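We name chains A, B, ... by the order of the sequence lines, and we start the count at 1 in each one. Note that the structure is a prediction, hence the values are computed from the model and not measured.
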There are 2 protein chains.
Amino acid sequence: MVVTSGHTVAGDDMDDANPVGPPPKRKPITARELARLMGVSQSAVSRAFTPGTSISPQLRQRILRAAAELDYHPNAIASMLSTRRSNIAGIVVSEMQNPFYPTLIEKLSRELQRVGLQSLMFNITRGSNIEEQLVALRKYNVDAVVVVSATVLSGASLRWATEGRAAVLVNRTIPDQTLTSVSCDNVEGARAIADHFHAIGRRQVAYVGGLPHTSTNLERQNAFITRVAELGMTLTHTLSGGEYSYEAGYRAALEIGQAKRTDAVFFANDILAIGGFDAFKDGLGLLVPEDIAVAGFDDVDMTRWPRYSLTTFRQPVDAIIERTVSLIIEQLSNEDFSPSQNPLSGELLIRHSTVGGRGLEKIGLPLPPQEQR
Amino acid sequence: MVVTSGHTVAGDDMDDANPVGPPPKRKPITARELARLMGVSQSAVSRAFTPGTSISPQLRQRILRAAAELDYHPNAIASMLSTRRSNIAGIVVSEMQNPFYPTLIEKLSRELQRVGLQSLMFNITRGSNIEEQLVALRKYNVDAVVVVSATVLSGASLRWATEGRAAVLVNRTIPDQTLTSVSCDNVEGARAIADHFHAIGRRQVAYVGGLPHTSTNLERQNAFITRVAELGMTLTHTLSGGEYSYEAGYRAALEIGQAKRTDAVFFANDILAIGGFDAFKDGLGLLVPEDIAVAGFDDVDMTRWPRYSLTTFRQPVDAIIERTVSLIIEQLSNEDFSPSQNPLSGELLIRHSTVGGRGLEKIGLPLPPQEQR
DNA sequence: TTGAAAGCGGTACCAG
DNA sequence: CTGGTACCGCTTTCAA
């Protein structure tokens, strides 16, 4: 490592500034200089670049033209300072290994850009100094915070970090519901899976969870278990993978498969399910779905691979993002805004991991379009 | 959509500021106020938070203590303005679908954070207004730019965007080499694959590329073809998947497999290879590796799934990141810094997709540790 | 509509 | 070591 950043002193955060050597670089032209060069006031330049200000079209044009000429761009930092708006949204992230999230984040950051917010990423990792990260959130004066991280952060930290700014939790909630959240309707999804298992004649079912204490996991698990009971099916296992990974799914599936009394398994997300699928098929030589049906949650790309053709509950990613962004905007514009929970409807996608061969037609369901490769 | 952001006027960029409603929020305490409250000068407060400034330990302690008390945090925006350093690195990204990149980016942003740089993400997507994105890079005054995007950006845009600031291209180069780049040694990797194919007795080999005009694709392709020729093997196909995707790999594999004269295929990355693997095995009923050996590039998590156990060339991710960060730091501290190209050695990982059954032992190679599940 | 001037919240140089 | 004081570059009254 080349530079160790500012050490913390006496229980408070030092500014970890100046991580690297000397100061600036070639400095770009400023509004003042441009103004002087053109013989207009600096205010005029500012106005030219601010929509909806009172400036004559002619002057604006002249200035914009000259600006283009001289490669002048308003310094965003300076304008942040005077307007007290950074036009930056902090995105707090942690589980980039689950392919569901990169996709989500990419789209989210694109949408935020569309409404004028750049995304400043904050990678929270277990083990890393979380609080320190959150301090950065505040120092950088982000206007909005989107937390896309099922894990790690306590409600208290979250409240502190987001205090006084727009905030949305995506795919997680906090118990006291003091923060706005947007997520897939996990209850709906888990029930749909249970119903589907029942519909295809399965009666011995199991649940494999991910990170035990996350709200997504708990919601899916509880809803599933409840529905299974309502339908009179037997719950043979309730396992926790411990994390959302292929390996965890694989291990859990071995355990379930070896016990030989389960005919359908709901994995709390697709990665677990895919691990489980491989364990059943390659590891134990079972037939999927004949011997055992497998369902996941999320609808990541891999579920559509012919190898898997995994039945899953699709998270309404676009809707989630749209809602998130509009909630952010609302908070940014309304003084009085009260937090809300926003579960959004997803969609059960039935594929071959639960209904094999031509079974999809047999039970009168349309072949998912994805299967028409 | 709730707010359409500032429309562009007259061939120049308007400031897309004020994407949302009204102005600020509750304002936090400032250094000046803190100073007045404590009866010290505002300069003292500033010094207390700046390591290496001349201030007595006692005063510093007092101030830090009081700051903690009053929840004062230095405003990063203001200090950016006066120091002309943002302590922000822009990360330009595009292909988040390839699981190699989320991982890389997560680690990268973590390392940057360690040396005091937050990461501002810039998602470039084909179709999106690239130039506009790059303008943002400049407006936000990022100190450094890391481009992790094989695609899209022309050398000229890159040079413009990074002008006057530290910049590193990761896993791509530009022809004139005027920008520093760090990447996996694609030539080494492609040659290693060719050598390996030869070593396991394959003589009819094929190449499946990804995005045709990217430097990674070209380097891997050329090196492979060259080495294949040197070794006297026959190149049966040189296909372009058109993109780095499972589907592209699948399609290419069908074409190759149906022709029935190829016994080993090098796919330009793991996702292509996995698509190809499934096509050979499930789509065409071939045996991998007995009928046809499959190798990829990158070493993403999926390659280790027992289902695939894919032979691949591991990109030295940690080394890439370390080098990238240290090059950034160098550029930030040295006035005179000349661009360099930094190919980093990777590692051939031989797994069952090229050497089946107990073959790994037979040819005297150690079982990859990953296989010891 | 336009220009002058007072901040925004720090940094850094200067004198004491 | 400490306090005073010009900036940093833009936004936003306030007058003209």
Suppose we call a contact any N or O donor and acceptor under 3.5 Å apart; does that hold for the side chain of [X] and the base of [N]?
X: Ser43(B); N: dG4(D); value: yes
X: Arg47(A); N: dG3(C); value: yes
X: Ser79(A); N: dC10(D); value: no

Please report the distance, rounded to the nearest Å, between [atom1] in [X] and [atom2] in [N].
X: Arg138(B); N: dC10(D); atom1: CZ; atom2: P; result: 14 Å
X: Ile77(B); N: dG9(D); atom1: CD1; atom2: P; result: 15 Å
X: Leu34(A); N: dG3(C); atom1: CG; atom2: P; result: 12 Å
X: Arg36(B); N: dG10(C); atom1: CZ; atom2: P; result: 14 Å
X: Phe49(B); N: dT11(C); atom1: CZ; atom2: C1'; result: 15 Å
X: Asn141(A); N: dG10(C); atom1: CG; atom2: P; result: 10 Å
X: Arg60(A); N: dT2(C); atom1: CZ; atom2: P; result: 10 Å
X: Arg84(B); N: dC10(D); atom1: CZ; atom2: P; result: 10 Å

- Query: Would a distance-only check, ignoring hydrogens and angles, find a side-chain to backbone donor-acceptor pair under 3.5 Å from Arg47(A) to Thr53(A)?
  - Reply: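 Flag not set: sc Arg47(A) to bb Thr53(A) has no pair under 3.5 Å.
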- Any luck finding a side-chain donor-acceptor pair between His73(B) and Asp71(B) under 3.5 Å?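 Looking only at side-chain atoms, Asp71(B) and His73(B) do form a donor-acceptor pair, the distance falling under 3.5 Å.
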- Assess the side chains of Thr178(A) and Arg159(A): does a donor N or O sit below 3.5 Å from an acceptor N or O?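 Yes, because at least one side-chain N or O of Thr178(A) sits under 3.5 Å from a partner of the opposite role on Arg159(A).
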- Task: Tell me whether the OP1 or OP2 atom of dG9(C) has a side-chain N or O from Thr30(B) closer than 4.0 Å.
- Result: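 For dG9(C), OP1/OP2 do not have a side-chain N/O of Thr30(B) under 4.0 Å.
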- Task: Respond yes when some side-chain nitrogen or oxygen of Ser46(A) is under 4.0 Å from OP1 or OP2 of dC10(D), and no when none is.
- Result: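 Ser46(A) to dC10(D) OP1/OP2: no side-chain N or O under 4.0 Å.
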- Message: Within the 4.0 Å heavy-atom criterion, would you say Leu81(A) contacts the bases, only the backbone, or no part of the nucleic acid?
- Response: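 Base, at least one base atom sits under 4.0 Å.
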Between [options], spot the one nearest the side chain of [X], thanks.
X: Gln42(A); options: dG10(C), dC10(D), dG3(C); result: dC10(D)
X: Leu59(B); options: dT11(D), dC10(D), dT2(D); result: dT2(D)
X: Ser54(A); options: dC1(D), dT2(C), dT11(C); result: dT2(C)
X: Ser82(A); options: dG7(C), dG10(C), dG3(C); result: dG7(C)

- Determine whether the aromatic ring centres of Phe122(B) and Tyr140(B) lie less than 6.0 Å apart.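 For Phe122(B) and Tyr140(B), the ring centres are not under 6.0 Å apart.
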- Query: Run the side-chain contact (heavy atoms from CB on, under 4.5 Å) check on Leu37(A) and Leu70(A) step by step: do they pass?
  - Reply: CA-CA 10 Å; Leu37(A) 255 39; Leu70(A) 300 173; 3.8 Å; yes
- Name the residue closer to the 5' end of DNA chain D, choosing between Pro57(B) and Ala78(B) according to the nucleotide with the nearest heavy atom.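 The residue whose closest nucleotide sits nearer the 5' end is Pro57(B).
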- Item | Arg32(A) or Val40(A), whichever maps to the more 5' nucleotide of DNA chain C |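 Comparing both residues, the 5'-ward one is Val40(A).
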